[in-house]
Undergrad: 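I'd like to ask some things about the structure below.
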Amino acid sequence: MARSQRTAATRRKKTYDLVIIGAGPGGLAAAEFAARLGARVALLERERLGGVSLNTGSVPSKSLIRSATLFAAMREAARLQQPAQAEPVADLQRVIARLRRMQRRIGGYHSEARLKRAGIELHYGAARFVDERLIATNMGRFPFHHALVATGAGPTRPQIPGLIEGSYLTSDTIFGLEKLPEHLAVVGGGALGCELAQSFCRLGSRVTIIQDEAGFLPGEERDAAQVLAQSMARDGVTIRLNTSVTGARVGKAEVVLRTQNYGRTAEVQADRVLVSIGRTPCTDGLSLESAGVRADTATGIAVDEFLRTSNPRVYAAGDVCLRHRYANVAERTARIAVHNCLAKGRPMRHTALTIPWCTFCAPEIAHVGLQVWQARNEGIPIRTFTVMMQDIDRAILDRQDVGFVKLHSTGRNDKIVGATIVASRASEMINEVCVAMSTGIGLRELADVLHIYPSQSDAIRIAAMDLDEPLAPG
Amino acid sequence: MEAAGVPRDSRRAPAQVSLRSEARLIERLQRGAFEYVTRYTNARNGLVADTSRAGSPCSIAVVGFALCSRLIAVERGWSSRRAAAALVLRTLQFFWESAQGAGTHATGYKGFYYHFLDMESGRRVWDCELSLIDSALLVAGFLCVREYFDGMGKDEASIRKLADALYRRVDWCWAQNGAPALTQGWHPDSGFLHYGWEGYNEALLIYILGLGSPTSPLPRDSFIHWTLTYQWERMLGQDVLYSGPLFTHLFPHAWIDLRGIRDAFMREKRSDYFINTCRTVAVQREYCERNPREALGYSRDVWGISAGDGPVAHGSAEFAKDHRHFGYMARGVPFGPDDGTLCPWAMLATLPFTPEAALIGTRTLLARYPQVCPQNRFVSGFNPTVNADSGGWLSAGWYGLDQGLLVMMIENARSRLVWSLMRRAPEVRRGLRRAGFRGGWLS
């Protein structure tokens with residue numbers, strides 16, 4: 001064999017079937033799936049396994065929410081006690097310690113040892129594309145047949161004059177707090193901002209949330225956002241809607257935010273400020289242009305319906321390229337990407353996914369499928385069947401009767417095309433609708449399914465029953 | 001408790017009621033509401049106070065309702081035509097001559113007006129916004145008086161001329177701010193309010209008036225764009241185009257006869273806006289019967305959840321740990337907010353739609369809580385749950401919006417007068433047609 005042929009053969013042998021950048025939910029799922037397919041896989045991670053979800057996102061926030069829910073329950077229980085008890089206030093160190101234990105336990109399912117046993121090469125270091133078929137870190141070079149970028153998204157940095165780096169918290173840093181803020185100001189009324197605002201309020205902080213829109217959770221159904229606003233107000237969160245933060249003054253022990261509401265200026269003084277104004281895809285330092293991968297700072301890597309980038313050898317999945325920035329979407333789209341680049345058979349489209357999501361406030365707000373305005377914009381005639389949780393026996397008994405179930409079906413038949421559920425366990429209830437939508441179960445079949453009595457999910461059956469109910473007399 | 005102005009016979013809720021059987025009660029309450037307009041008008045400029053409370057500024061929406069109420073008073077014999085015309089003319093002259101401009105102390109801008117004005121000078125107060133809906137209610141009043149005062153006298157001719165000019169001056173397209181649909185308003189310091197009208201609500205009136213304008217007509221697509229945000233839902237046994245607070249349904253109906261005419265959305269749903277409001281009343285009654293928040297007073301015959309005054313949170317408004325009460329707010333059902341506060345005027349305001357429910361409700365309310373109607377005028381808000389031991393929380397004084405709306409709605413139930421007048425206005429017919437309305441009286 002000629003030398004040049006030997007070199008090429010050696011290179012082919014050292015070339016990875018799949019190099020994955022980012023060991024979050026998407027990267028881990030992709031690595032495990034690719035390894036099961038018999039591929040040679042390298043997984044490159046800059047910091048910690050688990051990505052945003054495990055370290056600064058879903059996992060710690062849900063643990064914090066659980067602790068906050070306990071304190072809300074203690075306050076409710078105090079109303080049944082005699083004599084009245086003192087207002088419960090959380091010890092944040094204990095709350096965070098519990099959170100860390102949970103993180104370790106959940107993180108253990110994707111430990112380094114397990115990855116190694118699965119035949120996955122794990123390498124730490126910041127990865128960058130060298131050319132269209134090569135990735136490098138400061139520890140080595142990784143030639144690839146295919147690559148998958150699953151680097152996720154990070155908190156968007158605020159452009160508020162005077163609010164300097166380090167003077168505010170983000171979702172990356174808030175779980176490092178050692179002491180409960182006396183007064184926490186939250187800038188941004190999206191999902192994470194609302195979740196953390198309500199949780200810290202329930203743990204005992206005074207909380208002011210400042211949102212520059214007319215309601216919380218832009219993009220969600222307005223009734224859902226309305227119910228959430230009422231619940232947060234009941235918890236004691238001070239809400240400032242239609243208010244923008246125009247500047248900040250950082251003192252020794254406090255930050256003063258200057259706000260503007262239609263010409264009216266005001267100040268909010270807080271000892272800590274959490275900025276939660278969205279997430280930006282993590283593409284910095286990847287040298288995507290070296291691999292011919294097109295990307296945009298705001299929307300991330302451009303992919304087609306098969307998750308292929310402008311370089312056909314390079315795929316992307318999850319937050320770095322998609323609008324729906326959730327762990328379940330990252331995991332599923334990463335598997336689709338692996339299927340499309342490694343598995344035989346018909347390629348899969350990520351656009352065919354039925355994606356449920358949830359904001360884990362109290363009540364939770366979960367959605368799947370079409371929103372009403374999407375249907376109307378697309379000219380799809382739909383009917384909506386609404387049941388209020390206040391009319392569901394189990395919700396009444398649980399004193400969790402705030403919220404509703406809305407099932408959207410096509411006007412022509414009983415096919416379910418979407419649902420919004422606002423309920424204390426909406427994240428669990430929505431899964432029933434997901435199953436119905438994925439398997440083509442219509443409203444009539446759903447209405448015929450016996451549900452446990454009393455149960456909150458019975459609201460779904462009751463909403464489905466309305467399809468054939470005559471209108472009530474006025 | 002003996003309430004002033006409420007006769008003893010009204011304490012009983014009769015089993016059978018009708019407009020005819022309740023004619024005396026209806027007349028008394030309509031007149032009582034109109035007397036607010038008389039009492040709280042600045043006769044020099046026609047401006048009407050937002051509330052009866054000391055120092056209240058003028059609300060331009062109340063002026064719109066008041067303009068219409070004055071002609072109703074003529075028809076009812078409570079006022080002479082000449083006196084009414086003179087006051088209407090002074091009102092129109094004031095608005096025509098008042099300062100229009102982008103400055104912070106003008107009365108209006110681009111033909112629209114600031115929400116609240118000083119009762120004497122007519123200048124903007126309270127740092128308020130240039131309000132589209134409140135301007136529309138005022139402009140509807142201009143059109144209504146233009147159609148009514150059809151006499152040959154000088155005053156009436158001037159009314160027609162000025163009302164027409166005031167309507168033509170409104171730059172509806174400017175209020176789109178370059179977007180497909182309308183904004184909610186504009187602020188001299190910060191520009192357009194950055195949220196629009198989402199979902200069905202009182203904006204229907206703005207669109208119809210704007211689409212019908214001969215000088216600055218809204219594009220047809222603007223209405224379609226807005227209706228794309230509509231929510232049609234089956235809830236509490238009814239198929240409804242949802243909007244929570246009752247007033248959002250009533251404001252367009254106060255002016256425009258929406259019986260039997262349908263836009264594309266309502267054709268698709270085989271309903272109309274009038275039927276929809278009847279169904280909304282059914283939702284309100286069903287909700288109040290179920291009474292999920294366990295509010296005192298709510299029942300199938302005591303309902304009426306809308307925008308109105310209400311109790312505020314106990315303790316510090318800023319950081320109180322219990323924000324269960326909201327003060328003045330647009331309340332709605334079934335999604336809320338609902339803090340147990342009823343608008344006592346609201347049931348009677350639905351008289352054209354569901355007369356029996358409106359009258360039984362009003363009778364029942366007056367029988368149980370006569371304090372809600374001092375001097376034959378309903379207060380803005382009443383919360384029987386708060387301060388229950390002393391008869392419930394009661395809003396102080398009266399609000400002009402409630403009174404004006406009530407005068408007009410009762411008249412529409414009695415004689416269809418306002419609807420008939422507005423049906424005559426070519427701009428209204430044109431606005432409805434351009435919004436896609438067909439059928440019924442538009443044919």
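So you know, we letter chains A, B, ... as the sequences are listed, proteins then strands, and number each from 1.
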Undergrad: Taking the side chain as every heavy atom from C-beta outward, state whether B/M235 and A/K406 have any atom pair closer than 4.5 Å.
TA: no

Undergrad: Once rounded to the nearest 0.5 Å, what's the spacing between atom CZ of A/R376 and atom OG1 of B/T229?
TA: 8.0 Å

Undergrad: For atom CD of A/Q159, is the number of surrounding heavy atoms from other residues, nucleotides or ligands below 6.0 Å larger than 12?
TA: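 No, the 6.0 Å shell around CD holds no more than 12 heavy atoms from other groups.
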
Undergrad: Does CZ in B/R123 sit with more than 12 non-hydrogen atoms of other residues, nucleotides or ligands closer than 6.0 Å?
TA: no

Undergrad: With chain A, which of B/T104, B/I224, B/D239, B/L236 has the greatest number of heavy-atom pairs at distances under 4.5 Å?
TA: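 If we count pairs closer than 4.5 Å to chain A, B/D239 comes out on top.
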
Undergrad: Is A/Q226 close to chain B through its backbone or its side chain, or both, or neither, when contacts mean heavy atoms under 4.5 Å?
TA: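 A/Q226 touches chain B through side-chain heavy atoms alone.
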
Undergrad: Run the numbers on B/D339 and A/R234 for salt bridge (charged side-chain N to carboxylate O under 4.0 Å, His left out), then give the verdict.
TA: CA-CA 11 Å; B/D339 62 356; A/R234 254 198 308 275; over 6 Å; no

Undergrad: Do other residues, nucleotides or ligands put more than 12 heavy atoms under 6.0 Å from A/E378 CD?
TA: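 It does: A/E378 CD has more than 12 such atoms within range.
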
Undergrad: Considering non-hydrogen atoms only, spot the tightest contact between A/P381 and B/E268 and give its length.
TA: CB-OE2, 4.1 Å

Undergrad: Rounded to the nearest 0.5 Å, what separates atom CH2 in B/W232 from atom OG1 in A/T384?
TA: 11.0 Å

Undergrad: Which atoms of A/Q371 come close to chain B, meaning under 4.5 Å heavy atom to heavy atom: side chain ones, backbone ones, both, or neither?
TA: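 Contact with chain B involves no heavy atom of A/Q371 at all.
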
Undergrad: Is B/H194 in contact with chain A via its backbone, its side chain, both, or neither, using a 4.5 Å heavy-atom distance?
TA: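 For B/H194, heavy atoms of backbone and side chain both lie under 4.5 Å from chain A.
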
Undergrad: Does any heavy atom of chain A fall under 4.5 Å from the side chain of B/T354, the backbone, both, or neither of them?
TA: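 Contact with chain A is absent: no heavy atom of B/T354 under 4.5 Å.
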
Undergrad: Using non-hydrogen atoms only, which part of A/F404 is less than 4.5 Å away from chain B: side chain, backbone, both, or neither?
TA: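 For A/F404, the side chain is the part near chain B, not the backbone.
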
Undergrad: Just checking A/E267: does its CD atom have more than 12 heavy atoms from other residues, nucleotides or ligands closer to it than 6.0 angstrom?
TA: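 Check passes, neighbour count above 12.
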
Undergrad: Measuring from B/K269:NZ to A/R383:CZ, what's the distance to the nearest 0.5 Å?
TA: 8.0 Å

Undergrad: Which atoms of B/E286 are under 4.5 Å from chain A, going by heavy atoms: the side chain, the backbone, both sets, or neither?
TA: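 No part of it gets close to chain A.
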
Undergrad: Is B/F353 close to chain A through its backbone or its side chain, or both, or neither, when contacts mean heavy atoms under 4.5 Å?
TA: neither

Undergrad: Quick one: CZ on B/F335 to CE on A/M388, what's the gap to the nearest 0.5 Å?
TA: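 Spacing of CZ (B/F335) from CE (A/M388) equals 5.0 Å.
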
Undergrad: Looking at chain A, which one of B/V283, B/L193, B/D189 has the largest number of heavy-atom pairs inside 4.5 Å, strictly under?
TA: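 Heavy-atom pairs under 4.5 Å are most numerous for B/L193.
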
Undergrad: With respect to chain B, which residue among A/D212, A/V422, A/L467, A/I382 yields the maximal number of heavy-atom pairs within a distance under 4.5 Å?
TA: A/D212

Undergrad: Does B/R234 reach the main-chain N or O of A/E469 with its side chain, forming a donor-acceptor pair under 3.5 Å?
TA: yes

Undergrad: Given side chains that start at C-beta, do those of B/L228 and A/Q374 come closer than 4.5 Å, heavy atoms only?
TA: no

Undergrad: Within the supplied structure, the quantity of interest is the number of heavy atoms (other residues, nucleotides, ligands) at a distance under 6.0 Å from A/R461 CZ; does it exceed 12?
TA: yes

Undergrad: If you measure from CD on B/E233 to OG1 on A/T386, what distance do you get to the nearest 0.5 Å?
TA: 3.5 Å

Undergrad: Go through the side-chain N and O atoms of B/Q231 and A/D223 and say whether any donor and acceptor fall under 3.5 Å apart.
TA: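 On atom types as modelled, these side chains qualify, holding a pair under 3.5 Å.
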
Undergrad: Can you see which heavy atom on B/S190 is nearest to which on A/Y262, and at what distance?
TA: OG-CA, 3.4 Å

Undergrad: With rounding to the nearest 0.5 Å, note down the distance linking CD in A/Q390 to CG in B/D338.
TA: 8.5 Å

Undergrad: Please flag which part of A/I396 lies under 4.5 Å from any non-hydrogen atom of chain B: side chain, backbone, both or neither.
TA: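 Contact with chain B is absent: no heavy atom of A/I396 under 4.5 Å.
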
Undergrad: Report the C-alpha separation of A/N377 and B/H225 in whole Å, then their side-chain angles, then the decisive distance to 0.1 Å, and conclude whether the side-chain contact (heavy atoms from CB on, under 4.5 Å) test is met.
TA: CA-CA 9 Å; A/N377 273 315; B/H225 199 273; 5.8 Å; no

